[in-house]
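Right, one structure below, let's go through it.
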There are 2 protein chains.
Amino acid sequence: MRERLSRDAIVHRAIEVADREGVAAVTIRRLADDHGVTPMALYWHFKDKEELFDGIAERLFADVTLPLLTGAAWHTELRAVLGAFLAAIRPHPTVADLALTRILASDAGLTIADRVLGLLRQARFSPEQAAEVGSYLLCAIITLVRSEPGPERALDEEVRDAAVREKRARLHALSPKRFPNVVASADALADCANEDSYFERGLDLLVEGTRGIQPG
Amino acid sequence: MRERLSRDAIVHRAIEVADREGVAAVTIRRLADDHGVTPMALYWHFKDKEELFDGIAERLFADVTLPLLTGAAWHTELRAVLGAFLAAIRPHPTVADLALTRILASDAGLTIADRVLGLLRQARFSPEQAAEVGSYLLCAIITLVRSEPGPERALDEEVRDAAVREKRARLHALSPKRFPNVVASADALADCANEDSYFERGLDLLVEGTRGIQPG
DNA sequence: ACCTGAACACCGTTCAAGT
DNA sequence: ACCTGAACACCGTTCAAGT
């Protein structure tokens, strides 16, 4: 893994490490090791760790393939953009929240934000309302990925399965008098039964919610 | 600050520190100092830092005053629970995301989750659907607090104002050809104009969205 | 039961220096 | 332009020991 260091290579490796071992494993020294280089070498490419995180977020936004505008209803187009964003971050649940505060920090992020804002304006939201609703919608998509029921995705299958079983057992063991609904939903709370339908339902909720508060 | 260490005192101080200086400032050694005690003293009260974070999350859930059930429509009751949860975490935006993955880890969290699940069951969601939608709704409330437009709340007024001005200037300086909608919403993106209406709108969106995907 | 002292293996980052 | 070496000020945590 020595072929000339670069921002891109470092960011790429950082995402790999995060996907496999969690964000906590993403460390300057660890990345340096992986690239066969001194920790300080990274500081030529990034001012500090914060800037490395900026790079990761930017990459996530850059991975979004923005759907073409078809002239369909605004809420149809909105669902398409949010879906595209969701598709881009789904493979990287552990780094997704780095994007939460960095939407407006890169060209790629701005492009997506601008699209969402435009659709909201089309739906008669004011610039102020669009700002609040739009930035929230993107954050809500990130949260959809981060908070999928079940233990962290970035684990060995074996370890993960054990964690699911333990969680399910713990929930089933709760008092059905005190927590009847939690017990009734225990299986689905311990692990998401169907990821696709979970994400579809989440998208639906957000788009329908936006329609529900449409002005006028 | 020496009056006998306790879980509660440590958690209380940890939240204070996080509110004023951010979660990164919450450190075993720092808390030990604040309490006039050796770092290792904390390890008698908490197995590790993770358990301290559990304690913080639990406290947030315990601060929620669950509204009485009035027999109103399920979506009215739902809005009341979510609003109560929102009210509890609003003062602590920086620690809110510690609660994201810990809803089912304490009695207080389970109580809130059970209420939400119950209302969703009342609205004819299946146990599986209720699990997915319910846990997402609580996470979405946390995200509402975390992703309010503008720089971090946990800053001196002066520093924060400067950050807002800089962000606004940066957004206004963008190409209006490439990012027309971002530029149009620049002020509202740089800083939330009215927190209360931002949160009200967010609650509306989530409740209306839930109604929008109600089965049957 | 509750806390200390010393030590270990980690961090991010600075600064001067090398090629 | 790109990277290294040595050093600093921090972390969380273990383990044996004190009262």
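Letters go in sequence order (proteins before strands), and every chain restarts at 1.
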**Report entry** For atom CD1 of Ile10(A) and atom P of dG12(C), their distance in whole Å
**Finding:** 13 Å
Query raised in the report: Out of dC3(D), dC3(C), dG12(D), which has the shortest distance to the side chain of Trp44(A)?
Result: dC3(D)
Query raised in the report: Do the charged groups of Asp34(B) and Arg30(B) touch, with an N to O distance under 4.0 Å?
Result: yes
Query raised in the report: Around Glu21(A), counting heavy atoms of other residues, nucleotides and ligands shown, do more than 12 lie under 6.0 Å from its CD?
Result: yes
Report task. Over all heavy atoms of both residues, which pair between Leu60(A) and Ala96(A) is shortest? Give the atoms and the distance, please. Result -> CD1-CA, 4.2 Å
Query - Interatomic distance where CZ belongs to Phe53(B) and C1' belongs to dC11(D) [whole Å] - result: 12 Å
Query raised in the report: Mapping His45(A) and Arg29(A) to their closest nucleotides on DNA chain D, which lands nearer the 5' end?
Result: His45(A)
Query raised in the report: If you check every side-chain atom of Val37(B), which of dC2(D), dC3(C), dT4(D) has the closest atom?
Result: dC3(C)
Requested in this report: Output yes when Asp114(B) and Arg178(A) qualify as a salt bridge under the 4.0 Å nitrogen-oxygen rule, no when they do not.
Outcome: no
Query - Sidechain N-carboxylate O distance under 4.0 Å for Asp196(A), Arg90(A) - result: yes
Query raised in the report: Rounded to the Å, how far apart are Arg7(A) CZ and dC2(D) P?
Result: 13 Å
Report summary line: In whole angstroms, the gap separating P of dC11(D) from NZ of Lys49(B) amounts to 9 Å
Report task. Select one nucleotide: of dA1(C), dG12(C), dC3(D), the one nearest the side-chain heavy atoms of Ile28(A). Result -> dG12(C)
Report summary line: Side-chain contact check for Met40(A): nearest option of dT14(D), dG12(C), dT4(D) is dT4(D)
Report task. Identify the heavy atoms of Ala57(B) and Ala99(B) that sit nearest to each other, and give their distance. Result -> CB-CA, 4.0 Å
Query raised in the report: Is it true that Arg160(B) and Glu157(B) have a side-chain N and a carboxylate O under 4.0 angstrom from each other?
Result: no
Query - Rounded distance (Å) that lies between atom P of dT4(D) and atom NE2 of His35(A) - result: 13 Å
Report summary line: Where DNA chain D forms runs of at least three Watson-Crick or G-U pairs (i with j, i+1 with j-1, under 3.5 Å), the stems are C:4-8 with D:12-16, C:12-16 with D:4-8
Report task. Write down the distance between CG (Leu42(A)) and P (dC3(D)), rounded to a whole number of angstrom. Result -> 10 Å
Requested in this report: Ignoring backbone atoms, establish whether Thr27(B) has a side-chain N or O less than 4.0 Å from OP1 or OP2 of dC10(D).
Outcome: no
**Report entry** Nucleotide nearest Pro39(A) (side chain, heavy atoms from C-beta), chosen from dT13(C), dC2(D), dT14(D)
**Finding:** dT13(C)
Query raised in the report: Could you give the CZ-to-P distance, from Phe46(A) to dG12(C), as a whole number of Å?
Result: 14 Å
Query raised in the report: What integer distance in Å separates Glu21(A):CD from dC10(C):P?
Result: 14 Å
